[in-house]
Amino acid sequence: MSTMISDKEGLQIAYEEAKAGFDEGGVPIGAALVSADGKLLGKGRNLRVQLGSPIHHGETSALFNTGRLPASAYKGSTMYTTLSPCDMCTGACLLYGIARVVIGENKTFLGGESYLKSRGVEVVVLEDAGCQALMDAFIEKSPELWNEDIGVEKRVYSKEQQ
């Protein structure tokens with residue numbers, strides 16, 4: 001008998017990935033993909049620094065680690081992410097027909113939430129203090145990596161400039 005993964009548990013899996021990325025010296029953004037029936041399909045973290053990859057963000061890494069699945073496997077699924085998804089990750093969620101995106105926080109970065117909603121995706125922002133604190137610690141420790149990873153038009157440099 002399988003156990004359904006709750007939103008809190010799904011975000012915790014994503015957070016653990018983000019924390020692992022932080023500990024590795026990378027950008028601490030994690031994600032987890034959960035099927036409609038509550039099973040973990042895959043999880044991942046931003047590996048841009050660790051792999052020298054421009055496309056291994058949290059959500060795309062979770063999809064990569066999910067492996068090749070039929071389109072039906074994504075129907076009704078939920079993507080948990082510690083930070084609001086960028087344009088690339090927003091597009092990946094749309095491409096695979098992910099029904100819900102649950103976001104830890106969107107104060108550090110506001111991604112494609114409006115576009116996801118306009119395309120019929122349910123978007124939930126949990127305003128998780130742990131996700132926010134992890135991003136704050138990363139930006140304080142490695143502002144050059146943060147500024148390199150995020151497009152100029154979307155940057156948030158400090159709380160004072162928000």
Side-chain angles (χ1 to χ4, degrees), residues 1-106 108-128 130-132 134-135 138 145-146 148-151 154:
M1 184 170 143
S2 68
T3 306
M4 294 283 288
I5 294 175
S6 70
D7 283 352
K8 182 178 177 180
E9 292 166 328
L11 185 62
Q12 183 61 37
I13 295 166
Y15 177 82
E16 289 168 8
E17 287 290 315
K19 180 71 171 83
F22 181 85
D23 293 344
E24 295 165 352
V27 181
I29 302 168
L33 182 62
V34 175
S35 67
D37 62 353
K39 295 177 188 153
L40 180 64
L41 296 174
K43 60 185 179 175
R45 61 183 166 272
N46 184 304
L47 294 169
R48 191 185 63 73
V49 173
Q50 298 92 316
L51 297 179
S53 169
I55 62 168
H56 278 84
H57 287 198
E59 300 88 340
T60 56
S61 290
L63 285 163
F64 178 83
N65 291 331
T66 295
R68 184 175 173 203
L69 297 174
S72 61
Y74 301 100
K75 187 173 176 65
S77 66
T78 299
M79 179 67 78
Y80 294 92
T81 180
T82 57
L83 187 64
S84 187
C86 72
D87 290 344
M88 178 176 65
C89 295
T90 294
C93 288
L94 292 171
L95 179 66
Y96 287 97
I98 293 167
R100 298 177 72 231
V101 177
V102 176
I103 299 164
E105 68 101 350
N106 64 0
T108 304
F109 176 81
L110 180 60
E113 296 173 30
S114 294
Y115 188 53
L116 287 167
K117 290 176 187 176
S118 78
R119 297 284 304 271
V121 176
E122 179 186 355
V123 175
V124 178
V125 180
L126 297 179
E127 298 181 11
D128 183 83
C131 292
Q132 180 72 57
L134 187 58
M135 286 305 301
F138 169 71
L145 285 178
W146 173 246
E148 180 184 311
D149 193 49
I150 291 297
K154 303 274 185 163

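Only heavy atoms go into these numbers, but all of them, side chains included; no hydrogens, no water, no symmetry mates. It should be emphasised that the depicted structure is a prediction, and the values quoted were computed from it without experimental measurement. Note that the numbering runs from 1 along the sequence shown for the chain.
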Does the side chain of [Y] come within less than 4.5 Å of [X]'s, by heavy atoms?
X	Y	answer
Y115	V121	no
V101	T81	yes
P85	L116	yes
L11	L126	yes
V49	L145	yes
M135	E105	yes

For the pair L63 and M79, evaluate side chain to side chain contact (heavy atoms under 4.5 Å, CB included) and give the outcome as yes or no after the intermediate values.
CA-CA 9 Å; L63 285 163; M79 179 67 78; 4.0 Å; yes
Partner set under salt bridge (Lys or Arg N to Asp or Glu O under 4.0 Å) for E16, not counting sequence neighbours
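Testing E16 for salt bridge (Lys or Arg N to Asp or Glu O under 4.0 Å), a comparison that skips the adjacent residues, returns none.
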Could you tell me the separation between the CG atom of N106 and the CD atom of E127, rounded to the nearest 0.5 Å?
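Interatomic distance, N106 CG to E127 CD, rounded to 0.5 Å: 7.0 Å.
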Heavy-atom closest contact ([X] atom, [Y] atom, distance):
X	Y	result
P54	G52	CD-O, 4.0 Å
R48	N46	N-OD1, 3.0 Å
E59	C89	OE1-SG, 3.1 Å

Expected output: side-chain D128 to main-chain C131 donor-acceptor under 3.5 Å:
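Looks like yes, one N/O pair under 3.5 Å.
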Please check: side-chain N/O of S84 versus main-chain N/O of G111, any donor-acceptor pairing under 3.5 Å?
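Yes: the side chain of S84 pairs with the backbone of G111.
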I55: partners by side chain to side chain contact (heavy atoms under 4.5 Å, CB included), with sequence neighbours left out:
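Here the qualifying residues are S53, M88.
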Set of residues satisfying side chain to side chain contact (heavy atoms under 4.5 Å, CB included) with respect to P70, sequence neighbours excluded
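Per chain and number, P70 pairs via side chain to side chain contact (heavy atoms under 4.5 Å, CB included) with S72, A73.
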Quick one, Q132 with L134, criterion side chain to side chain contact (heavy atoms under 4.5 Å, CB included). Give me CA distance, side-chain angles, the key distance, then yes/no.
CA-CA 5 Å; Q132 180 72 57; L134 187 58; over 6 Å; no
Pair L40-I5, side chain to side chain contact (heavy atoms under 4.5 Å, CB included): steps then yes or no:
CA-CA 8 Å; L40 180 64; I5 294 175; 3.8 Å; yes
Side chain to side chain contact (heavy atoms under 4.5 Å, CB included) partner of C93, chosen from T78, I98, V123
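Going through T78, I98, V123 one by one, the side chain to side chain contact (heavy atoms under 4.5 Å, CB included) with C93 is satisfied by I98 alone.
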Quick one: do L83 and I103 satisfy side chain to side chain contact (heavy atoms under 4.5 Å, CB included)? Show the steps, please.
CA-CA 6 Å; L83 187 64; I103 299 164; 5.9 Å; no
Any pair counted as ring-ring contact (aromatic ring centres under 6.0 Å, His included), so long as it reaches residues 49-88, sequence neighbours left out
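Only H56-F64, Y74-Y96 qualify under ring-ring contact (aromatic ring centres under 6.0 Å, His included).
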Side chains of residues 20-35: which donor-acceptor pairs under 3.5 Å do they make with residues two or more places apart or in other chains?
residue : atom : partner : partner atom : Å
D23     : OD1  : K19     : NZ           : 2.8
D23     : OD2  : K19     : NZ           : 3.4
E24     : OE1  : R45     : NE           : 3.1
E24     : OE1  : Q50     : NE2          : 2.8
E24     : OE2  : R45     : NE           : 3.4
E24     : OE2  : R45     : NH2          : 2.7
S35     : OG   : D37     : OD1          : 2.3
S35     : OG   : K39     : N            : 3.0
S35     : OG   : K39     : O            : 3.3

Residues in side chain to side chain donor-acceptor pair (under 3.5 Å) contact with S114, at least two apart in sequence or another chain
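Applying side chain to side chain donor-acceptor pair (under 3.5 Å) to S114 gives none.
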